[in-house]
Trainee: 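Sending over a structure as structure tokens; questions will come in a sec.
For the numbers below, each heavy atom of this structure counts, side chains included, while hydrogens, waters and symmetry mates do not.
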Amino acid sequence: MKLIIQIPCLNEREHLGETFADLPRRIPGVDEIEVLVVDDGSTDGTSDYAAELGVHHVVRFPVNRGLSAAFTAGMDASLRLGADLIVNTDADHQYAGDDIARLLEPILSGEADVVVGDRDPANLAHFSPPKRLLQAWGSRLVRAVSATRVADSTSGFRAYSRKAALSVFVHNRFTYTLETIIQAGRTGIATANVRVRTNEKTRESRLFSSIPQYLRRNGPVIFRSYGMYRPFQSFAYLALALLVVGLFGVGRFLYFYLVDPSYSGHTQSLVLGVGAVTLAFMVGVVALVGELIAANRRLVEEVLVHVRRLDADRGVEARARGAPVDGIRSTGAATWRRAEP
């Protein structure tokens with residue numbers, strides 16, 4: 001059983017050493033552990049410093065492509081390096097390394113394929129009251145749209161089985177955290193929560209600079225992700241609301257017309273009603289088309305999973321021959337192996 005711990009980085013030279021030193025070298029149930037750093041266009045020499053520390057593998061982007069791209073590249077690289085288990089953690093040493101073993105327990109026991117570390121945001125000292133409220137509201141919304149019980153939806157400390165990693169697709173450029181939970185819940189991937197510890201805050205978030213910016217960027221991600229995996233429901237609710245408004249308008253006009261046929265008023269209700277019913281029909285057609293497109297997307301994703309599996313197998317074969325894996329710089333550092341009994 002091989003574990004790869006991936007660490008997306010953007011100018012993290014200052015904190016990477018502490019994060020790396022805190023990673024566990026032995027975990028019960030895991031035979032091999034390797035560390036992968038994904039350098040998202042750093043300008044401070046993060047990649048070279050990672051190699052000096054003894055990180056096993058480095059993937060580097062020449063320019064900054066965003067957290068979602070770094071996360072996805074790390075998952076692909078981990079699969080090609082033969083990972084059976086993948087843990088994603090932050091480079092700023094936000095999470096306690098010892099809790100990686102706790103993250104892996106539900107996967108090793110067969111209870112889940114995705115495990116999210118719960119930081120207990122309501123009690124985090126460095127979270128302001130508005131941010132705690134936002135985290136609680138946002139996580140509640142994500143639980144509703146994803147049909148999961150994930151308590152801390154924005155946590156980047158999470159573990160994946162190989163099966164789940166093969167099925168991860170991220171379509172937005174902002175962050176992977178919310179979309180991957182919605183995807184997991186709506187595609188039937190078993191998820192679990194594990195309470196984890198956090199270390200003292202070392203720097204401000206680089207994803208957003210204010211709460212309004214966070215809402216502006218994450219709100220569309222949630223809506224788009226839900227619409228992608230539940231298109232019919234997304235548009236059907238809107239069509240139903242328009243239909244109710246339309247029938248009310250038409251009904252109001254007919255009521256007054258039957259009461260006094262000689263009075264020609266209330267035509268506004270008729271115009272509004274007919275317009276709303278027409279829009280309801282059009283939105284209903286969009287809902288049906290969206291469901292057909294979603295069915296086609298599911299077929300395409302199944303093909304992509306098979307392609308990704310073949311690509312991962314090729315990477316494993318290349319490693320077995322001692323050949324380099326495309327796009328991955330392996331440093332030659334010794335794998336952390338479980339001690340022989």
Trainee: For side chain to side chain contact (heavy atoms under 4.5 Å, CB included), just list the numbers for Ile222 and Val142, CA-CA rounded to whole Å, side-chain angles, deciding distance to a tenth of an Å, and then say yes or no.
Mentor: CA-CA 7 Å; Ile222 296 174; Val142 172; 4.1 Å; yes

Trainee: For the residue pair Arg186 and Tyr226, establish whether any side-chain heavy-atom pair is separated by less than 4.5 Å.
Mentor: yes

Trainee: Using 0.5 Å steps for rounding, measure from the CD atom of Glu14 to the OG1 atom of Thr46.
Mentor: 10.5 Å

Trainee: So which heavy atom on Gly327 is nearest to which on Val59, and how close?
Mentor: O-CG2, 3.8 Å

Trainee: Is there a donor-acceptor pair under 3.5 Å between the side chain of Arg149 and the backbone N or O of Asn193?
Mentor: no

Trainee: What I want to find out is whether Arg119 reaches Asp152 closely enough, with some N-O distance under 4.0 Å, to be called a salt bridge.
Mentor: yes

Trainee: Grouping I, L, V, M, F, W and Y whenever their side-chain heavy atoms are under 4.5 Å apart, do Tyr95 and Val55 come out in a common cluster?
Mentor: yes

Trainee: Do side-chain atoms of Asp39 reach the backbone of Ser42 as a donor and acceptor pair under 3.5 angstrom?
Mentor: yes

Trainee: So, does Thr177 use its side chain to make a donor-acceptor pair with the main chain of Ser155 at under 3.5 Å?
Mentor: no

Trainee: Is it true that Leu141 and Ile182 fall in one hydrophobic cluster, defined by side-chain heavy atoms closer than 4.5 Å?
Mentor: yes

Trainee: May I ask you to say whether Arg173 pairs ionically with Glu179, meaning some side-chain N is under 4.0 Å from a carboxylate O?
Mentor: no

Trainee: Rounded to the nearest 0.5 Å, what's the gap from OG1 on Thr198 to CG on Asp118? Could you check?
Mentor: 10.5 Å

Trainee: Mark yes when over 12 heavy atoms from residues, nucleotides or ligands other than Asp326 sit less than 6.0 Å from its CG; otherwise mark no.
Mentor: no

Trainee: Nearest 0.5 Å, please: how far is OH in Tyr229 from CZ in Arg224?
Mentor: 11.5 Å

Trainee: Quick test of your reading: applying side chain to side chain donor-acceptor pair (under 3.5 Å), list the pairs with at least one residue in residues 63-85, sequence neighbours left out, ordered by first then second residue.
Mentor: Asp40-Asn64, Asp76-Arg308

Trainee: My understanding is that only one of Leu166, Asp311, Val316 makes a side-chain contact (heavy atoms from CB on, under 4.5 Å) with Leu79; could you say which?
Mentor: Leu166

Trainee: Answer yes or no: is there an ion pair linking Asp48 with Arg329, defined by an N-O contact shorter than 4.0 Å?
Mentor: yes

Trainee: Side chains of Leu85 and Val30: closer than 4.5 Å at any heavy-atom pair?
Mentor: yes

Trainee: Would you check if the side chain of Gln183 reaches a backbone N or O of Ser167 as a donor-acceptor pair within less than 3.5 Å?
Mentor: yes

Trainee: Looking at Glu301 and Arg297, is there a salt bridge between them, counting it only when a charged N and a carboxylate O are closer than 4.0 Å?
Mentor: yes

Trainee: Restricting to non-hydrogen atoms, name the atom on Gly284 and the atom on Ala239 that form the minimum distance, rounded to 0.1 Å.
Mentor: N-CB, 3.9 Å

Trainee: Report yes or no: do Val87 and Val168 belong to one cluster of Ile/Leu/Val/Met/Phe/Trp/Tyr joined by side chain heavy-atom distances under 4.5 Å?
Mentor: no

Trainee: Please determine whether the number of non-hydrogen atoms from other residues, nucleotides or ligands lying under 6.0 Å from atom CZ of Phe61 exceeds 12.
Mentor: yes

Trainee: Please test Val303 against Leu299 for side chain to side chain contact (heavy atoms under 4.5 Å, CB included), starting from the C-alpha separation and ending with a verdict.
Mentor: CA-CA 6 Å; Val303 173; Leu299 293 174; 5.8 Å; no

Trainee: Testing the basics here: between Gly29 and Leu108, what is the closest heavy-atom pair and its distance to 0.1 Å?
Mentor: O-CD2, 4.2 Å

Trainee: Quickly, which of Met75, Arg158, Arg162 forms a side-chain contact (heavy atoms from CB on, under 4.5 Å) with Ile86? Name it, please.
Mentor: Met75

Trainee: Evaluate the side chain to side chain donor-acceptor pair (under 3.5 Å) criterion for residues Asp44 and Tyr49: first the C-alpha distance (whole Å), next the side-chain angles of each, then the deciding distance (0.1 Å), finally the verdict.
Mentor: CA-CA 9 Å; Asp44 65 348; Tyr49 183 60; over 6 Å; no

Trainee: Under 3.5 Å, side chain of Asn172 to main-chain N/O of Thr175, donor-acceptor pair present?
Mentor: yes

Trainee: Could you check if a side-chain atom of Val300 sits within less than 4.5 angstrom of a side-chain atom of Leu304, using non-hydrogen atoms only?
Mentor: yes

Trainee: Once you round to the nearest 0.5 Å, how far does CG of Leu16 lie from CG of Asp90?
Mentor: 12.0 Å

Trainee: Would the number of heavy atoms belonging to other residues, nucleotides or ligands and lying under 6.0 Å from CD of Glu52 be above 12?
Mentor: yes

Trainee: In Å, rounded to the nearest 0.5 Å, how long is the span from CZ of Phe71 to OG1 of Thr180?
Mentor: 5.5 Å

Trainee: Please report the closest heavy-atom contact between Ala333 and Gly54, naming both atoms and the distance.
Mentor: CB-O, 3.3 Å

Trainee: Among Phe253, Phe256, Tyr255, Tyr257, whose ring-ring contact (aromatic ring centres under 6.0 Å, His included) with His266 holds?
Mentor: Phe256

Trainee: Between Arg143 and Val150, is there a donor-acceptor pair closer than 3.5 Å when you use the side chain of the first and the backbone of the second?
Mentor: yes

Trainee: Taking Leu36 as the starting point, is it possible to reach Leu67 by hopping between hydrophobic residues whose side chains are less than 4.5 Å apart?
Mentor: no

Trainee: Is there a side chain to side chain contact (heavy atoms under 4.5 Å, CB included) between Ile107 and Tyr160 once you walk through the steps?
Mentor: CA-CA 8 Å; Ile107 297 178; Tyr160 290 83; 5.5 Å; no

Trainee: Counting distance only, does the side-chain N/O of Asp98 pair as donor-acceptor with the main-chain N or O of Pro24 below 3.5 Å?
Mentor: no

Trainee: Considering only heavy atoms from C-beta outward, does the side chain of Arg337 approach that of Asp31 to under 4.5 Å?
Mentor: no

Trainee: Output the distance between atom CD1 (Ile5) and atom CG (Asn88), rounded to the nearest 0.5 Å.
Mentor: 10.5 Å

Trainee: Is a side-chain N or O of Asp22 found less than 3.5 angstrom from the main chain of Gly97, in a donor-acceptor match?
Mentor: yes

Trainee: Please give me the minimum heavy-atom distance between Pro8 and Ala70, naming the atom from each residue.
Mentor: CB-CB, 4.1 Å

Trainee: Determine, for Phe20 and Arg25, whether the Lys NZ or Arg CZ falls below 6.0 Å from the six-membered ring centre while staying within 45 degrees of the axis.
Mentor: yes

Trainee: Which atom pair, heavy atoms only, marks the closest approach of Thr19 to Ala91?
Mentor: OG1-O, 2.7 Å

Trainee: Are Arg195 and Asp120 side-chain neighbours, meaning at least one heavy-atom pair lies under 4.5 Å?
Mentor: yes

Trainee: Please check: side-chain N/O of Arg338 versus main-chain N/O of Ile33, any donor-acceptor pairing under 3.5 Å?
Mentor: no

Trainee: Cluster question for you: counting only ILVMFWY and a side-chain heavy-atom cut-off of under 4.5 Å, with indirect links fine, are Val285 and Leu238 together?
Mentor: no

Trainee: So do Ile27 and Ile100 actually touch side chain to side chain, heavy atoms under 4.5 Å?
Mentor: yes

Trainee: Quick one: do Val35 and Leu23 satisfy side chain to side chain contact (heavy atoms under 4.5 Å, CB included)? Show the steps, please.
Mentor: CA-CA 9 Å; Val35 180; Leu23 298 178; 3.7 Å; yes

Trainee: Between His56, Gln6, Lys2, which is the residue that forms a side-chain hydrogen bond (donor to acceptor under 3.5 Å, both in side chains) with Glu34?
Mentor: Lys2

Trainee: Kindly determine whether His15 and Glu18 satisfy side chain to side chain donor-acceptor pair (under 3.5 Å), including the steps that lead there.
Mentor: CA-CA 6 Å; His15 307 111; Glu18 188 177 13; over 6 Å; no

Trainee: Do Arg26 and Trp336 have side-chain heavy atoms sitting under 4.5 Å apart?
Mentor: yes

